[in-house]
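A quick write-up on the structure given underneath.
Each ligand, and each atom within it, is numbered from 1 in the order the structure gives.
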Amino acid sequence: MADKTSNQMWGGRFAAGPDAIMEAINASIGYDKRMAAQDIAGSKAHAAMLAATGIVTDSDAEAMKEGLDTVLAEIEGGSFQFSAALEDIHMNVEARLKEIIGEPAGRLHTGRSRNDQVATDFKLWVRDQLDATEGALLALMRALVAQADAGADWVMPGFTHLQVAQPVTWGHHMMAYVEMFARDLSRVRDARARMNECPLGAAALAGTSFPVDRDMTAQALGFDRPAANSLDAVSDRDFALEFLSAASICAMHLSRMAEELVIWSSAQFRFVSLSDRFSTGSSIMPQKKNPDAAELIRAKIGRIFGANVALTLVMKGLPLAYSKDMQEDKEQVFDAADNLMLALAAMEGMVRDMSANRDVLEIAAATGFSTATDLADWLVRVLGMPFRDAHHVTGTLVALAERKGCDLPDLTLGDMQDVHGAITQEVFDVLGVHNSVASRVSYGGTAPENVRAQVARWQEVLG
Ligand code: ARG
């Protein structure tokens, strides 16, 4: 008989219980209790399969099912006593089940190991998270499309190197983010489809001699099929890495957008006003309204990408199949998932609430000789000049305007003709910012009619 203090799940081989430090490093219950619902769903599917295949009796399976429902109710109701001595969620649930239903609880682990159990639970958890991410991305995309719809023809400066480049439309800028988040969405959907194979029944690593029906459990848990190789099934964590990688790219997009909102809401830019609901004040400077939500969203990439790196390094170099290192997978994923959801929700709220300062945008759009390319294009189109020559002539005109302290449209026709005699009054038509954006009708260009078409396309997709 094993010592009373040794583990009740495997105490047979042990004479003594673990050192307190061993328990502290070994226990994962502090965080893997978040997978309780998934663990119980997995156990219920396993119990039903054990009965259907005759491995346990129907009455034992029925007791397991009812007992597991009771355990879940206790956990959800907050009355469940989690124990670090029982290490993790799997053993906490099973031990409580034993208290409730007695002997049949001991048959639940037939043909199963914690290795396939944890892989299954964690996949179910990540799958739920991919679904939640999808919903949050769609909500953010809808908010961006609404902004684009309202300001399809509002002009603003487009930048390269954060220097004014060419006028663009507000709607076009908003829709650029819709495209990015749409790719994030497709990464989430790809990851979900690829991960949807069930590890349950792989047992410890080699499969089992019991006549388990892995198709049945896979189907009951909403997987497309059972995972085909038991060694792979228990040691694969690339589904979690794919989530973290998609989350990292999405967080990077969020961070870029957050950076723009920080810049745009500054006194120097005043392109947008952020709502009070998503801003904070200063404890000393009464005039301040700070874009804290945007700044925090900008920072979230640090921990999310950090989680991606951390789990990649945990997995690197692990021999097949399971190693306890893999228990370090969960906290990284939980933290990244929580923070991604928070960042997506905060960005959606900010985008919904923010108002673009249309007049400021329009004035800014005309600064920095933003229509110089339109002038060069006119020289090519109307005067038949090679683009390189047109570039040179336009550069000379920009330098002249700079010397005179004016913008390109403020030059006189005489000024223009001093630089190139064939220029006519018509050139002034292309120097206005509205004409500039309206002319950019190439597919994917910034023209308001293009923006409206893209808004309509996405409204249809997003419903
Ligand atoms: N808590 C463990 C984990 O998260 C469960 C699997 C334990 N398996 C084992 N062979 N010790 O990985």
Could you pull out every donor-acceptor pair under 3.5 Å between side chains of residues 360-367 and any protein atom, sequence neighbours left out?
| residue | atom | partner | partner atom | Å |
| --- | --- | --- | --- | --- |
| Glu362 | OE1 | His434 | NE2 | 3.3 |
| Glu362 | OE2 | His434 | NE2 | 2.9 |
| Thr367 | OG1 | Ala364 | O | 2.7 |

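The side-chain contact (heavy atoms from CB on, under 4.5 Å) search around Ala204 returns Ser113, Asn115, not counting sequence neighbours.
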Could you list, one pair per line, each nitrogen or oxygen of ligand 1 together with any protein nitrogen or oxygen closer than 3.5 Å, giving atom names and the distance rounded to 0.1 Å?
| residue | atom | partner | partner atom | Å |
| --- | --- | --- | --- | --- |
| ligand 1 | 1 (N) | Ser28 | OG | 3.4 |
| ligand 1 | 1 (N) | Asp88 | OD2 | 2.9 |
| ligand 1 | 1 (N) | Gln327 | OE1 | 2.7 |
| ligand 1 | 4 (O) | Lys330 | NZ | 2.7 |
| ligand 1 | 8 (N) | Asn115 | OD1 | 2.9 |
| ligand 1 | 10 (N) | Asn115 | OD1 | 3.0 |
| ligand 1 | 11 (N) | Arg114 | NH2 | 3.4 |
| ligand 1 | 12 (O) | Tyr322 | OH | 2.3 |

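Residue pairs meeting the side chain to side chain donor-acceptor pair (under 3.5 Å) criterion with at least one member in residues 140-159, sequence neighbours excluded: Gln147-Trp170, Asp149-Gln459, Asp153-Arg452.
Contact of the Arg127 side chain with the Phe239 side chain is not registered, since no non-hydrogen atoms from C-beta on lie closer than 4.5 Å. Annotation: side chain of Leu68 is in contact with side chain of Val93 (closest heavy-atom distance under 4.5 Å).
Each of Val433, Val451, Asn450 was scored for a side-chain contact (heavy atoms from CB on, under 4.5 Å) with Thr169, with one residue passing: Val451.
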